[in-house]
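Ligands are counted one by one from 1 in listed order, and the atoms in each one are counted from 1 as well.
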Amino acid sequence: MRPEVLNSLFAEVDSFDGVGPKVKKPLDKLGLTRVRDVLLHLPERFVTRRAVTSLDDAGEGEQIVLALTPVEHRVNRSGRGPYRVLAQDESGNICALTYFGRASFTAKKLLPVGEKRWVAGRLDRYGDMLQIVHPDHVLAEGSETLGRLTEPVYALSEGLTQPKVAALVEQAITRSPDLPEWIEPSQLAQEGWPSWVEAIRQAHKSENPAYRDRLAYDELLANSLALLLVRADNRARKGQPLKGDGSMRARLQLPFPLTRAQTRSIGEIEGDLQQDAPMLRLLQGDVGAGKTVVALEAMLIAVEAGAQAALLAPTEILARQHFETLRSLLAPTGAEVALLTGRDKGKARESILMGLMDGTIQMVVGTHAIFQDTVQYRNLALVVIDEQHRFGVAQRLMLAGKGKRTPHTLAMTATPIPRTLTLAQYGEMDVSRLDEMPPGRQAIDTRVVTQERLADVIEAVGRHMAAGQQAYWVCPMVRESEGDDIAAAEARFAAVRERFGDAAVLVHGQLKPELKDAAMERFACGEAKLLVATTVIEVGVDVPASTLMVIEQAERFGLAQLHQLRGRVGRGSEKSTCLLLRGPTLSETARERLALMRQTQDGFLLAEEDLRLRGGGELLGTRQSGDTPFNLATLEQITRLLPLAHDDARLLMERDGGLTGPRGDAARILLYLFERDWGVQMLRGG
Ligand code: ADP
Ligand code: MG
């Protein structure tokens, strides 16, 4: 149960004064549904305003505060267009205060003609007139806000204004309870950090980074602590020791020798599986490093030991592909493998369910459908989760919680994240790294081409297809609402279809599963030669005959993501090419990113560089959020503070693993505050 002291923070935003449906909606859009969320909605930046007495002293583009007296209200005669209030400073200069839409109603009331007001906003010019569009503040003289010239600027959504959000934050702060301290006192003293409540208050008012650091640290500490609790809980659980006799593995006829990294990882897994406590291991390996075979060997150990194994894939496409791979590799072993997805219905589904229940099916591959309550296993002892980064810890725990004995878990990820982030995301697991590629992989010839040469690129794709080879064409996003500069996959598809007809297929996340699968299948069997796609193909698709990849607006992608995408080619024996299409202007960081893509194919190196470049503070375009499990902590803060927070968490666990002492109590509050409830739940003996 959540500690009562947090109740006020977890109340819905409705409980604020002045929040009706009209405000709730835009708040919702920002993910602010509870008091706590508003409290942790920290300013994006601060503006510093300058108080001036005359417009003559102010520059265009400057944030100013000055006294103005309205002299005339001007409404556009057509009833459309902006509402302008002409106002005069003390030296008689005129400035327009301009309002659009519904805001004009408030302008009427706020700015009566002849009455002096203090106005704060950004000065600019409209034609030959000075103006301030939607002033941030309009106040009668003597207001307290005037003294506060540095102000927070919050992320907004349509329907919210800065003063509105600031007022809500103010209310949230008023409701913040004093909370007991969870940070080690010596750590607090060393960093000079204030209490949590003080830090949150100040973080909304001051640019001093210490306040934000403290809050980021809190979030990191909560995460590390929760992961360590999961780990401790796992150690105490009863698993099922699995010792295979090697009989089935001996019958495998792999078309290649294993790499040393694969052999080492399999050895580590084999060791884990023999233990009483369930395995909790992450297999980290770059795209194409050969994780599937490692998973296969692990699953065979389970089957040899008379148990069942399940392989969970994040998408149906991937589940189907894994199934095909496993089925053909398993043929000589005699192991029975089935595919189960949400789409399987009727008799086929019934017979798979029966097989799993009576144990005649020893391995199952599927989407999360394999963990529905209707699916019963005779003896499920190993769960392999592919592309683990698509699943959260909480989700994984739910899977592990099925059955009396906890199955062994092998999580696999192709995201070669930097070591610091590995700790943040997977701190509760043991890690095996496939840091070596199978031999004979050819370097992918990577080139950067400007978008202007689109026609040439299409011709090149045509020649490639005419030579009997296949290609991918990646577009940034489908039906993106903001900005028309994003090439929509659908529009691009329509264009290439005119040129290539049925040889081109389209796949994106909003397609019906049947259509998506049909398209994928046509491409996988070689009937279709060009696959136009959004980033859905990022995850695990394996078509070795595909040797060309075009990525449009490559500058919008992060390094790690580009690397993931590029990993789709260069899988066969033919030489592969990757064309990175770029827009006309590039930021320094984007330029560096594309250059790195040309220079190296080492995923771990690119991941470290990605972190370095993004730590530099550039806000990247699409899909960068969700890379880390944090809302407050920035990459820079993670790099700097996570090791400290992790040590702090470890120390706390050593001293008070049950979180029963005073600091343990405080730590529980911390876990709830940052929504690591699943960490606390570990304490109930699971
Ligand atoms: P990923 O780690 O991305 O899941 P896969 O398991 O799909 O990689 O393997 C990529 C390709 O490499 C597959 O075609 C697989 O058959 C092949 N492969 C795996 N291990 C080896 C190896 N030791 N030697 C040669 N090829 C291998
Ligand atoms: Mg894979």
Side-chain angles (χ1 to χ4, degrees), residues 249 252-269 281-300 310-332 337 363 365-367 383-391 410-417 431-444 470 472 520 524-526 535-547 549 560-574 576 601-604 606-607:
R249 279 172 286 168
L252 267 185
Q253 292 159 15
L254 294 180
F256 43 72
L258 295 174
T259 64
R260 266 170 313 167
Q262 283 171 323
T263 307
R264 177 173 17 92
S265 300
I266 293 167
E268 286 162 353
I269 292 165
R281 184 170 286 277
L282 179 72
L283 178 64
Q284 213 180 14
D286 213 339
V287 179
K291 293 183 290 297
T292 316
V293 178
V294 176
L296 173 69
E297 298 256 357
M299 292 169 85
L300 274 178
L311 171 57
L312 173 68
T315 64
E316 287 203 21
I317 294 175
L318 200 55
R320 204 163 289 277
Q321 223 169 39
H322 275 320
F323 173 67
E324 298 298 342
T325 307
L326 293 193
R327 190 166 57 172
S328 75
L329 288 174
L330 285 170
V337 59
M363 288 186 196
V365 181
T367 53
V383 175
V384 180
I385 306 177
D386 196 18
E387 309 296 349
Q388 160 72 41
H389 63 286
R390 293 283 169 122
F391 303 92
L410 176 66
M412 309 201 287
T413 177
T415 322
I417 48 179
V431 178
S432 295
R433 276 191 165 200
L434 289 184
D435 49 10
E436 173 190 9
M437 280 290 174
R441 291 284 156 83
Q442 295 205 32
I444 300 166
Q470 289 172 282
Y472 295 105
M520 274 314 298
C525 75
T535 53
V536 287
I537 60 158
E538 177 192 346
V539 178
V541 174
D542 188 18
V543 183
S546 202
T547 50
M549 167 155 298
Q561 208 181 5
L562 284 174
H563 176 68
Q564 290 283 103
L565 287 167
R566 181 174 60 181
R568 297 301 121 214
V569 295
R571 302 196 141 208
S573 48
E574 294 285 330
S576 290
Q601 240 159 277
D602 178 338
F604 285 101
L606 286 172

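Of the inter-residue distances, the one linking Arg327 atom CZ with Glu324 atom CD reads 4.5 Å to the nearest 0.5 angstrom. The line from CZ of Arg568 to CD1 of Ile444 is 10.0 Å long, rounded to the nearest 0.5 Å.
When non-hydrogen atoms are compared, ligand 1 lies under 4.0 Å from neither the backbone nor the side chain of Pro255. With a 4.0 Å cut-off on non-hydrogen atoms, Thr325 does not touch ligand 1 at all. If you look at Met412 next to ligand 1, there are no close heavy atoms at all, none under 4.0 Å.
Taking the side chain as every heavy atom from C-beta outward, Val543 and Tyr472 approach each other to under 4.5 Å. By the 4.5 Å heavy-atom criterion applied to side chains, Met299 and Leu330 are not counted as neighbours.
Remark: distances from the non-hydrogen atoms of Gly288 to ligand 1 include one below 4.0 Å. Contact annotation: Pro544 has no heavy atom less than 4.0 Å from any atom of ligand 1.
Ligand 1 places these atoms under 4.0 Å from at least one heavy atom of Thr292: 4 (O), 5 (P), 6 (O), 7 (O). Those atoms of ligand 1 with a heavy atom of Ala289 less than 4.0 angstrom away are 2 (O), 8 (O). Atoms of ligand 1 found under 4.0 Å from any heavy atom of Pro257 (numbered from 1 in listed order, with element): 22 (C), 23 (N), 24 (N). Here is the list of ligand 1 atoms found below 4.0 Å of a heavy atom in Thr259: 23 (N). Interface atoms of ligand 1 facing Asp286, defined by a heavy-atom separation under 4.0 Å, are 2 (O). Interface of Leu258 with ligand 1, defined as ligand atoms under 4.0 Å from a residue heavy atom, comprises 23 (N).
Scanning all heavy atoms of the two residues, the minimum distance from Arg433 to Ala261 falls at O-CB, 4.3 Å.
Residue Gly290 has at least one nitrogen or oxygen atom sitting less than 3.5 Å from a nitrogen or oxygen atom of ligand 1, judged on distance alone.
Of the listed residues (Gln284, Arg260, Arg264), just one forms a side-chain contact (heavy atoms from CB on, under 4.5 Å) with Asp435, and that residue is Arg264.
Judged purely by distance below 3.5 Å, without hydrogens or angles, the side chains of Glu268 and Ser432 pair a donor atom with an acceptor atom.
No side-chain donor-acceptor contact under 3.5 Å links Glu574 to the backbone of Thr547.
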